[in-house]
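One structure is given here, and the rest of the page talks about it.
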Amino acid sequence: MIDHLRERYGPLLFHQSGGCCDGSAPLCYEEGDFRVGTSDARLGELHGCPFYMAHDQFEYWEHMQLTIDVEEGRGARFSLGIPLGVRFAIRSRLFSDDEYARLTPVAQASS
């Protein structure tokens, strides 16, 4: 799905919604259509696309392994998957103590 969206829209980025308008969903945007700020943490990449989350929200999730999935259904109205009838969903589980100890620090995004 990400390859399909990238082919259609170009470079993409993901941002984990904070739960306001779109629940708590990973949202996919064209790069440049979402302004990443200094209060966002870059958690890594999702199939070559940067993945961000507000730092204060990350404090709640930092002890969890996050898995991003795609599923059929109505998704967040701002995400690029909507016209295709798909949504991105987040799944989580707690890290073990050993896994957590081996993590690298998450970087703050630059505006």
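It should be emphasised that the depicted structure is a prediction, and the values quoted were computed from it without experimental measurement.
- Note that CZ of R35 is 13.0 Å distant from CG of L13, once rounded to the nearest 0.5 Å.
- One hydrophobic cluster, built from ILVMFWY side chains closer than 4.5 Å, cannot hold both Y52 and L103; they sit in different ones.
- Taking the side chain as every heavy atom from C-beta outward, R6 and C49 approach each other to under 4.5 Å.
- When all heavy atoms are compared, the tightest approach of Y100 to E62 is CE1-O, 3.4 Å.
- In terms of modelled atom types and a separation under 3.5 Å, the side chain of R87 and the main chain of E71 share no donor-acceptor contact.
- L27 places none of its side-chain heavy atoms less than 4.5 Å from the side chain of F34.
- Note that OG of S96 is 6.5 Å distant from CZ of R102, once rounded to the nearest 0.5 Å.
- L84 and H4 make their closest contact through CD1-CD2, 3.4 Å (heavy atoms, listed as atom of the first residue, atom of the second, distance).
- No more than 12 heavy-atom neighbours from other residues, nucleotides or ligands sit within 6.0 angstrom of CG on D97.
- We find the CZ-CD distance between F14 and E31 to be 12.0 Å, quoted to the nearest 0.5 Å.
- Between L12 and C28, the closest heavy-atom pair is CD1-SG, 3.9 Å.
- Between L43 and W61, the closest side-chain pair of non-hydrogen atoms is not below 4.5 Å.
- F95 contributes atom CZ, which lies 5.5 Å from atom CD of Q65 (distance to the nearest 0.5 angstrom).
- Of all heavy-atom pairs spanning F88 and S79, the tightest one is CD1-OG, 4.0 Å.
- Listed here is the closest heavy atom pair of P26 and Q16: N-OE1, 3.5 Å.
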message: The test is side-chain contact (heavy atoms from CB on, under 4.5 Å); show your working for I68 and F51 and say whether it passes.
response: CA-CA 10 Å; I68 311 302; F51 185 87; 3.9 Å; yes
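- In this structure, G48 and E45 approach most closely via the heavy-atom pair CA-OE1, 3.6 Å.
- A donor-acceptor pair is defined here as one N or O able to donate and one able to accept, closer than 3.5 Å; no such pair exists between the side chain of S92 and the backbone of L66.
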